[in-house]
Structures are given as structure tokens and as C-alpha cells.
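Accompanying notes for the structure given below.
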Amino acid sequence: MEYAITVKNLSKTYEYHKSEPGIKNTIKNLFHRKTEYIHAVNSISFDIKAGEFIGFIGPNGAGKTTTLKMLSGILYPSGGDITVLGHTPWKREKNLQKQFALVMGQKNQLWWDLTPLDSFELFREMYELHEKHFQKNLEYLSELLGIHDILNIQVRKLSLGQRMKCELAAALLHEPKLLFLDEPTIGLDVVSQKAIRDFLAIYNREKKATILLTSHYLEDIRRLCKRVMIIDLGKIIYDGSYINLIRKYADTKLLDISLRNQVEKSKLTRYGELISQEGNHIKIAVPRKKIIEMTSKILKELPIDDLSIHEKSMEKIVREIFEHETLNRQKT
Amino acid sequence: MKKSIKIFIQLLKLNFKNFTIYRTNFYISFVATLLWTTAYVIFIEVIFQHIDTLAGWDKGGMLMIMSFYYLFQNVGNVFFRDNFENFGDAMRQGQLDLVLTKPASLKMMLFFNKIRMDSLASFIINIFLFAYAIRELSEPISIEYLILGIIYTGISIIFFFYFLLFITTFTFWFQKNETLNTIIWNLLQIGRYPRQIYQDIAKIVFIFLIPLAMVASLPTEIALHLGSWKMALYFIGVTVIFGIISNIFFHYGLKQYSSAG
């Protein structure tokens, strides 16, 4: 079996200085600082097959980005081994760098005052792309991302969604076999999120690229990834199929409802599990499969003022998995 | 090497486009450099109204040192000064991340990324300064030796680049490099005077250990054919050693990079 990525006992420990508030402590810190250590990634192991599209999720500070940075050679690990396309990433061999791309939703690589096309020219030289190859890829990406008309507009004048599409195009000009995506849809509106998602799905299918995606939005993962890895406090707490994850831990959606007047509790429990009731404001957990049926029923039968549907939060899923794992360990 | 040259040309093109957007800076830079240079020329004129020579150098020689010093400083200002100065901020804000994943010379992408085209205005003034200095020389200068002096200024620039790289590498541990930068750019003033004025410990430190006193003085001596070939060879040797040590140290420092966010 061909693996694009192999990770064994990977760890990363950061050193930081603890500072306490107040002038007195600030002066004290000038002479003596307390050094502490944080284990951002704590001995994780996994393999990724070539062509897989994997969702790498977890709450803030769980270790997702640190892992991605070690996989792409930005950070040196404190321990463990990584093989990416047969190379050790932190050696930063050009041969490996030409085969992967990293896109970070919160960091730009396009020149702010120039047009996307100007930056693309620089990348063309970096990746030593022949003119024909470059034009062919640019045409393909512009078509798929719908960015033909904005390639000659200054980056700073583009919307966040347009900019992200151009960032993606810049990262993919050299047709990488492996793509690391760190929150590529962060801050985007629903339409732009969908456009990016659709693009990634097509790219993965057509180019057989291996993609590792981190995202806060479960919707991104649901639409794109068959396999999901969940990391929390530097440890992988779930590695398996998305379907299994949802079946086990997120089989319900949350209906957030404001009523025009108060309704009896017994009436509300008919639609699902009543999570909370504070005056006219209620929250009901409804099984994923029944969400459409129950929502239309509620709209018909209850005096609705406002209604919204939410996914179970990542934090909640992680907490449940954690509790589940702890319980399992206690049983054995 | 061919690839690096192509990337460098692209960087020049992008920076030139950037410059055309904010071209007012060009005029500001021109005026500022003109004022500084004029002030310094007046300073030398005033001094040489009272003395005939300084450490064996007459007014024409001093003006030549000054011309070579500005040439050296201008190249640094245009190509890498801003990049070194902003390195601490870039490092703390995690802006090195994407650069580290690119199949291109890391040092070029980090330290030649922002090229100050507006500072090119300084070169125009530099040419006038050279012309003035040559006119004031007591002996005529040969064009071949003048070119050799300019080539040697290139070695001074390479030496200074590696010196900056060595010092900047400490940023990986200190996190901030403002203080280091201030010290370095102030220390650089040592280079604007004849190296002969430095004696005892200053001579050992600034001519032999960290030859900052030679950056303009030595190219001038070469251009004026004053026979400093031993020192010229020594300076090349020190530059090579600094290059090797700085590269090793920089790559060791890179292991400490912890990024951000």
C-alpha cells in the first residue's frame, strides 16, 4: 500500500515564559522568568494513503496546526519520525517542496499591493514551471475557481473569498501531489465556503491529490472527507470514518427556537430531546435523519418567532469522545 | 544558481511594480539623501580647513572613502536593510511559515524580498559625490582601479550581509531584534572613516575580527592604487569565514523557530 504520509510517535514541545500581572511582577520578570513547557503534540502516530482526503479536526490549541507545520517542514519536531512522500520534511529538500503545498486561511502569500497574476509569476520561477505548463494550470484553476476576472486586480482590493480563491490557485499552480489546508474557509461567507469546498472535491478527484484539511466547520468535513482524525490536547482521540464519527457522537442537530408564547414541556419533548427551556427560548436536540420532518412539524404546530439549526459544536463532540474513551478505559 | 537569478529578477520586477504605486517615496528619498550627503560634505570641508591630512588621508581621499561608504550603504539600504530590520516581527508573527515551504533559496526569499526601489534615488547623488571626490583628488585616478574598488565594495557588501545574518540569527532566541539592529547600524558608522584612525583594541576588533572599518576604506585604497593587497586578501578570507559560520548558525537557529498562531 502506498502511503503519502507516515507519522510515528511525533511530538512537539514549546517553551514559554510565564508572566504574572502587575508592575511588581513585570519588574521581577526582567530578572527571573519562569519557564514552562507545553506539549502541543504528544506522541501521535498515523498513516495517510495517497489520494486520501482527510479531515483533521479539534478545538483551538489542540495541536492541528502544529502537526501541519511539522508535516510541511516549518517546525522541527521534539521527537518522533515523519515521512512525507518518501522525504523527511524538516530537511526541506527542494524535491519534496515541489510536490506539496500549504494553504493557511489566516496567512497570505500573495503580494498585497500587486495583482494575483504578479505573484503567480514569482511562483512560476520558484517551481520552475515551463510557460506552457504554467498557462495550462492557470487556465484550469481560473476556470474551476471562477477567478478569470479578478487576476488583474490588486490583491488588497479583493474580498476575503476572492482572495482565498487566489491563494488556493497560487498554491496549486505547480500541481502538488499533497495539499495541506489549514482552515481555508475561515471567515468566509456561506457561498464562498461552498465554492472552496466544491473546488477541493473536484481537485481531489481529478488530480488524485492527497489532502489534509483542518477546519472548524463540520460542514467542510462532512462534504469532503471520508476519514477524520480528531486531535485534542496533542493526542489523537479519534481516527476513523466520518460516518462512524457522526453515528457515534453527532447523530443529532440542535434546534434553537424562540417562541411567541410559552409552550408546555410535555408538548416540546414530542419533537426531540429538550436541552433547555428559558422562558420562550428553547433548545431541542433532534436526530439528524429526522431534522427536516421535525422542523416542518414544529413550524406548523408551534407559535414560532425565530428558528435556527445548528451542528453540534466541535468542542462538544471532542468532549463526548473523551468521556467515551475514558469510560472504555475504566471498563477494561 | 540560474534559478536563483531568475527568482531575483522576478523579485526586482515585483518590487518595481510596487514602487510605481508609491513613487512619491522616490522623491522623498532623493531629497533626504541629498541633505544628508551635503551635510557630510560640508563637515569634511570644514575639517579640512583646519587640517591637511587625517591619518594620512587628504580631503580628496576622505571624500573618496565617503563615496565608497555611501555606495556600500545604499546597496544595503536598497536590497536587504528593511528585510533584516523586519525579521524579528516576521518571525514573531509567523510570517516565515510559507517562505519555509518554498523550493527557493531561503535567504533570498527572506532577505531580498522587499527591495527599496525608492532608495535608488541615493545612487544618483552617489554618482555626483564620486565625481566631486575625484575632482578633489591630488592624483588622477585610473578607471581600471576605480572599477576594482567598486568590485571590492561588492565584497564589503557580502561581508556585511553575512555579518547581519549572524547577528540576526540571535533573533530566534531573543524574539526581538530592534536593539540588535540599532547597535549594528550604529556600528556601521565605523566604516565611514579611514581604517588607519583605529588603533590598539579598536584595530584588532574592527579591522581583524569584525572588519567593519574596512568596508569603505579598503575599496578606496584599492581604487587609489595604494597597495593594500595583503589586507584585500585577508578581507576576502574573513568574508568567506563569516559566510560559512553565518550559514551554519542560521540553519541551527532555524531549528528554534516556533512560528505563531
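A, B, ... follow the sequence lines: proteins, then strands. Residue 1 opens every chain. What's counted below: heavy atoms across the whole structure, side chains too, no hydrogens, waters or symmetry copies.
For B:Ile21, the part lying near chain A is the side chain, with the backbone staying farther off; criterion is any non-hydrogen pair under 4.5 Å. With a 4.5 angstrom heavy-atom cutoff, B:Leu254 touches chain A via backbone and side-chain atoms both. Neither the backbone nor the side chain of A:Asn95 comes within contact range of chain B; no heavy atom of the residue lies under 4.5 Å from a heavy atom of that chain. The part of A:Gln154 that comes within reach of chain B is its side chain, from C-beta onward, which places non-hydrogen atoms under 4.5 angstrom from that chain.
A 6.0 Å sphere centred on NZ of B:Lys17 holds no more than 12 heavy atoms belonging to other residues, nucleotides or ligands. Within 6.0 Å of the NZ atom in A:Lys207, the count of heavy atoms belonging to other residues, nucleotides or ligands exceeds 12. In B:Trp36, the CH2 atom is not crowded: 12 or fewer heavy atoms of neighbouring residues, nucleotides or ligands sit closer than 6.0 Å. More than 12 heavy atoms of other residues, nucleotides or ligands lie within 6.0 Å of CG in B:Leu209, so this atom counts as buried by the packing criterion. More than 12 heavy atoms of other residues, nucleotides or ligands shown are found within 6.0 angstrom of CZ on B:Phe123.
Here the closest non-hydrogen pair linking B:Lys102 and A:Tyr127 is CD-OH, 3.6 Å. Scanning both residues, A:Gln97 and B:Leu100, for their nearest heavy atoms gives NE2-O, 2.9 Å. The shortest heavy-atom contact between B:Ala104 and A:Lys94 is O-NZ, 3.6 Å.
In this structure, A:Glu15 CD and B:Gln256 CD are separated by 9.0 Å, a value rounded to the nearest 0.5 Å. For the atom pair CG (A:Leu96) and OG1 (B:Thr101), the distance works out to 10.0 Å, reported to the nearest 0.5 Å. In this structure, the separation between CG on B:Asn18 and CG on A:Asp113 is 5.0 Å, given to the nearest 0.5 Å. To the nearest 0.5 angstrom, A:Phe123 atom CZ is 11.0 Å from B:Gln10 atom CD. Note that the NZ atom of A:Lys69 and the OG atom of B:Ser258 stand 8.5 Å from one another [nearest 0.5 Å]. Here the CG-CG distance, from B:Asn113 to A:Leu122, works out to 8.0 Å after rounding to the nearest 0.5 Å.
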Could you please spell out the steps behind the side-chain contact (heavy atoms from CB on, under 4.5 Å) verdict for B:Lys13 and A:Glu121? CA-CA 10 Å; B:Lys13 280 186 192 170; A:Glu121 284 293 332; over 6 Å; no
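Top candidate by heavy-atom pairs under 4.5 Å with chain B, chosen from A:Lys98, A:His174, A:Arg124, A:Glu128, is A:Glu128. Chosen from B:Asp97, B:Ile7, B:Val99, B:Ile9, the residue pairing most often with chain A at heavy-atom distances under 4.5 Å is B:Asp97.
A salt bridge is absent between B:Lys3 and A:Glu125: the closest approach of a Lys/Arg side-chain nitrogen to an acidic carboxylate oxygen does not fall below 4.0 angstrom.
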